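Before any comments, here is the structure.
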Amino acid sequence: MIRARELVKQYRDGDGTEVRVLDGLSLDVEDGEFVAVVGPSGSGKSTLLHVLGGLDVHYQGEVEVAGVKLSGLKDKALARFRNQHVGFVFQSFHLIPNLSAVENVLMPSHFGPLTADVRKRAEALLDRVGLLSKKDRTPVRLSGGERQRVAIARALFTGPRVLLCDEPTGNLDAATGAGVISLFQELHREGLTLLAVTHEERMSAVAKRVLRLKEGRLVEESRPALAGGVS
Amino acid sequence: MRLVALSRLVRLSLARERRGAFFSIFGVAMGVGALVFFLGLGLGVGRVIRERIFPTDAKLVDVVPPSVSLGSFLGGGKLDAVMVERLGALPDVEKVYRKMSVRAPAASRYDGDFFGRRLRMGVDVLAVGVEPGLVEGDVEPGSFVDPAPGEPIPGIVSTRLLEIYNSTFAPARKLPRLGPGMIVGFTFPVDFNRSYVAAPVAGPVIQSHVQVVGASERGLLAGVTIPLETAIRLNRELGQDTETYSGVTLVATSPAAVPALVAAVKDMGLEIDDQERRLAENVGAAVALTTSALALLSILICVLAAVNIAHALSASVRARAREIGVMQAVGASRADVRNIVLAEAAVVGVLGGLAGTVAALLLALAVDRLATGYLPQFPFKPESFFSFPWAVVVGGVALGLLAALAGAWFPSHRAAATDPARTLAG
């Protein structure tokens, strides 16, 4: 499902020093797998997620996600890939403030081929995350956990096979975070492939596999005891 | 990206940036409105000059004998029947109309009823004879011919003379204003070879009456136009030259043929009476120059509006960087992002262009109303000082669109270059 080979990403910082964010990193994620990526700040976790999701194109190496080879894809094809094959969930939710919950969920429909019953689909997804009754609320009138659920519904809108999550519980309290983790587990059970960058131990505990990054390299791989279990 | 989706995103964005959008629309409207207004004014005034003050038919060429001529010695420059025949044989000449002045002074002494008012006045009159075909569109068929003995001479007055009478003479003397139809049938006495100011020629005084049969742009401005045969007969009775013509009007096959025709006529030792055409061109050029200066000023306002849009959109793009990143994350390409910003500007431009154009049309209407109500009557005062051909109206809206798109060009490219990985990090 996800295959990355010899990923290298580097840049020069303000002092002109060369910084390697990804340093020859390779990984494989199976279809339907739930993988947590952990590691200290600056280890390249988020960068890896952006590269795998086609948001960052300035790297060396090869990436294949959901059968699409990303290296060398033109912008339009890359945009289509992001719309059709992956969904993003961010730590800061990144909802558009002046749009209602349902309009935020509908956002991918503006850039994709889906035209029929898009609103029904968005409402069904909000129902799935337990927010149908709040579909007309703008993000400012939703709690943190609710915002993240709206963001998850948005990520699922086009029916992607891969969900890429960047610290999805990072801005949530423990109880709310647990609810979000539970939702991810459900999605995993339904066959969705999840790759989640996290500092949250409970998240890595429920993942099937945990990859530890350090200085842009994969330094450790483990399989938690709770993998696939219910928190 | 589908048009429906694009329009929805643009609507949402403009609704959020209402204040900025309003000022951008206002800026475009100011520039476009000023441009449409001044162009309309220039075109309107130009139309009055062309059509009413100096009406010129682009196909007509007025030929006159040279003021200084060696023609009598060298066989050229004399406008007689032979020369008229030669003129008629020139390429691209469709018709030839001869003219002959009555070569003696004439005076009219009127004492009687003048459209319900008593009028008593004496005035010298110039008379020129023209072939009926030249004015056939302005008179009843068969009414403009040499009359039988004892019958009044049919005469045509200039529409411009009528305009001057109506706007200055009539109000000053408290006389009624007259339309071209009203004066048909009015008869006044004219004594040929009599004058209040000039010496008469040797010969009899011919007492007659002139009956107005119509008004024409082609009529003599300061005098009366009579049938050519009548003018020839009067000159014969007065013992004056009846062999040479005072002018010939040539009708070219097309306006494009006129320059070559003019050159050919000059080669024949004759001159062109283009005084009015030149005057019309000079006044028209002055109006065009003024209009161009004002239009340039208006375009400058449009440029400033474009700069304002660029500034507003740049700020908006900066503020919306994260939102643009989200759009990219859910499937927007760089072209989609660029198109969203350009479409926002296009809406602003079209709305501004429409608002400016409508404002200009309303302002022109108000100016016309004020002019009708408050400006005193003057010769050739038009019903409207403005002319708005569809090209100006559509062009106004198009200019608004163009200014807005020009202003949005760099911000749209800047937005398209947003790095989603950077804006969505953290």
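In what follows, chains carry the letters A, B, and so on, assigned in the order in which the sequence lines appear, proteins first and then strands, with residues in each chain numbered from 1. None of these values were measured; they are calculated from a predicted model.
Taking the side chain as every heavy atom from C-beta outward, A/Phe93 and B/Val326 never approach each other to under 4.5 Å. Side-chain contact between B/Leu6 and A/His110 is absent, with no heavy-atom pair separated by less than 4.5 Å. In this structure the side chain of B/Glu323 never reaches within 4.5 angstrom of the side chain of A/Leu95, judged on heavy atoms. Side-chain atoms of A/Arg82 and B/Val330, non-hydrogen and from C-beta on, never get closer than 4.5 Å to each other.
When the shell of 6.0 Å around CD of A/Glu201 is examined, it contains 12 or fewer heavy atoms from other residues, nucleotides or ligands. Other residues, nucleotides and ligands contribute at most 12 non-hydrogen atoms within 6.0 Å of the NZ atom of A/Lys214. At most 12 heavy atoms of other shown residues, nucleotides or ligands fall within 6.0 angstrom of atom CZ in B/Arg369. With a 6.0 Å radius and a threshold of 12 heavy atoms from other residues, nucleotides or ligands, A/Glu64 has its CD atom above the threshold.
For the atom pair A/Ser109 OG and B/Arg2 CZ, the distance stands at 6.5 Å (nearest 0.5 Å). The distance from the CZ atom of B/Arg422 to the CG atom of A/Leu55 is 13.5 Å, given to the nearest 0.5 Å.
Interface remark: B/Leu12 contributes backbone and side-chain atoms alike to the contact with chain A (heavy atom separation under 4.5 Å). Heavy-atom distances place the side chain of A/Leu99, and not its backbone, under 4.5 Å from chain B. B/Ala332 touches chain A through backbone and side chain together, each having a heavy atom under 4.5 Å away. Residue contact with chain A, scored on non-hydrogen atoms closer than 4.5 Å, is absent for B/Ile324. B/Arg320 does not touch chain A: none of its heavy atoms, backbone or side chain, sits under 4.5 Å away.
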Next on the checklist: Apply side chain to side chain contact (heavy atoms under 4.5 Å, CB included) to residues B/Arg16 and A/Ile96 and explain how you reach the verdict.
Outcome noted: CA-CA 11 Å; B/Arg16 186 175 41 185; A/Ile96 296 176; 4.1 Å; yes
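Counting heavy-atom pairs closer than 4.5 Å to chain B, the top residue among A/Arg80, A/Lys74, A/Lys76, A/Glu103 is A/Glu103. Counting heavy-atom pairs closer than 4.5 Å to chain A, the top residue among B/Ser333, B/Ala5, B/Ala15, B/Ala421 is B/Ala421.
Between A/Phe111 and B/Gly331, the closest heavy-atom pair is CB-O, 3.4 Å.
At distances below 3.5 Å, at least one donor-acceptor pair connects side-chain atoms of A/His94 with backbone N or O atoms of B/Leu424. In this structure, B/Arg334 contributes its side chain and A/Asp75 its backbone to no donor-acceptor pair below 3.5 Å.
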